Amino acid sequence: LTWNNWRTVEGTGLTDWSSTLPQGRNSYFYPGVNTSMVLTNALPGLKSRFLSYAKLRGAYARVGSDASPYQLQTVFNGAATKFGSLPQFSLSDNLANAFLKPEQTTSAELGAELAFIDNRVTLDASYYDKETKNQILNLVIPPTSGYSTQAINAGQISNKGFEATLGVTPLRSETGLNWTSTFNYATNKSRVVALTPGLTTVVLGTQRSASVVATVGQPYGQLTGYTFLRDASGNLLTQN
């Protein structure tokens, strides 16, 4: 909907059903709404030789995400080789979870679009805040359980950031020769707000001596590992 060529409101609503989630929990609804106001159209007196255009915008949305297949029940995996003439199967090493819930990400954004000096300088900037709940993770568990991972809903992840694009046109000639330079800036700060009860760190993956982890109070996906023990001069300490 648009009023008087300066105020616009848009709304969306969508529901998904997924066969990778348990019955009764396999649907998720995500709405969205955004609005914008062209201030220079609403208040023509704002326009001047300095300010050419001004627009404010805001948006709110929620999106969902389902699980990968075969997370609800532990299944057998077929092997390419045979035992004589008989096919071979192995039990998956992921402990399934029949009570998984869909992930949900809620986001809000505020932004502005500005143009100055007959559109020779433009600025598009926005600030966003996203929060993800019920992340579906394969938690690493002790191998004595008979499994290596377990599918769980864990985590509340926060992402906040700022993005801006600055455009400058120092040359605009009547012959059609134009020169425009564009500068981009973006920053994002992620933080693990909470994990599943009883856990402060979840290992997301391991390669050699390094691991990717999610730790409460720290950015999501940090790299951790071990280093060699050294003396004060930086020499490796070895044992003969």
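This one's a predicted model, so the numbers in the text were calculated from it and none came from an experiment. The basis for the numbers below is simple: all heavy atoms, side chains too, and nothing from hydrogens, waters or symmetry mates.
Here Thr12 pairs with nothing under the side-chain contact (heavy atoms from CB on, under 4.5 Å) rule; sequence neighbours left out. Residues meeting the side-chain contact (heavy atoms from CB on, under 4.5 Å) test with Asn178, sequence neighbours left out: Arg172.
Around atom CG of Leu1, no more than 12 heavy atoms belonging to other residues, nucleotides or ligands sit under 6.0 Å away. Other residues, nucleotides and ligands place more than 12 heavy atoms under 6.0 Å from the CH2 atom of Trp3. By the 6.0 Å contact criterion, OH on Tyr70 is open, its count of non-hydrogen atoms from other residues, nucleotides or ligands being 12 or less. Atom CZ of Phe99 is surrounded by 12 or fewer heavy atoms from other residues, nucleotides or ligands within 6.0 Å.
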Atom pairs and distances, side-chain donor-acceptor, residues 195-205, under 3.5 Å, sequence neighbours left out:
residue : atom : partner : partner atom : Å
Thr201  : OG1  : Thr215  : OG1          : 3.3

Less than 3.5 Å apart, which donor and acceptor atoms pair up between the side chains of residues 104-112 and the rest of the protein, not counting sequence neighbours?
residue : atom : partner : partner atom : Å
Thr105  : OG1  : Thr132  : OG1          : 3.0

For a quick test of your reading: what N or O donor-acceptor pairs under 3.5 Å do the side chains of residues 50-67 make, sequence neighbours left out?
residue : atom : partner : partner atom : Å
Ser52   : OG   : Asp118  : N            : 2.9
Ser52   : OG   : Asn119  : N            : 3.4
Arg57   : NH1  : Glu113  : OE2          : 3.0
Arg57   : NH1  : Asp124  : OD1          : 3.3
Arg57   : NH2  : Asp124  : OD1          : 2.8
Arg62   : NH2  : Phe29   : O            : 3.3
Asp66   : OD2  : Ser18   : OG           : 2.7
Asp66   : OD2  : Thr20   : OG1          : 3.4

Side chains of residues 133-142: which donor-acceptor pairs under 3.5 Å do they make with residues two or more places apart or in other chains?
none

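Under the 3.5 Å distance criterion, the side-chain polar atoms of Thr40 are left unmatched by any main-chain donor or acceptor of Pro44. In this structure, the side chain of Ser158 does not engage the main chain of Arg191 through any donor-acceptor pair within 3.5 Å. Without hydrogens or angle criteria, Asn94 side chain to Ala96 main chain gives no donor-acceptor distance under 3.5 Å.
Thr2 and Thr8 are linked by a side-chain donor-acceptor pair at a separation below 3.5 angstrom, with hydrogens and angles left out of the test. No side-chain donor-acceptor contact under 3.5 Å links Asn159 and Tyr128. Between the side chains of Thr15 and Trp17, no donor-acceptor pair of N or O atoms lies under 3.5 Å.
Following chains of ILVMFWY side-chain contacts shorter than 4.5 Å, one cannot reach Val168 starting from Leu171, and the two form parts of different hydrophobic clusters.
Contact check for Ile117 versus Arg49: no side-chain heavy atoms found under the 4.5 Å cut-off. In this structure, the side chains of Pro143 and Ser148 stay at 4.5 Å or more apart for every pair of heavy atoms.
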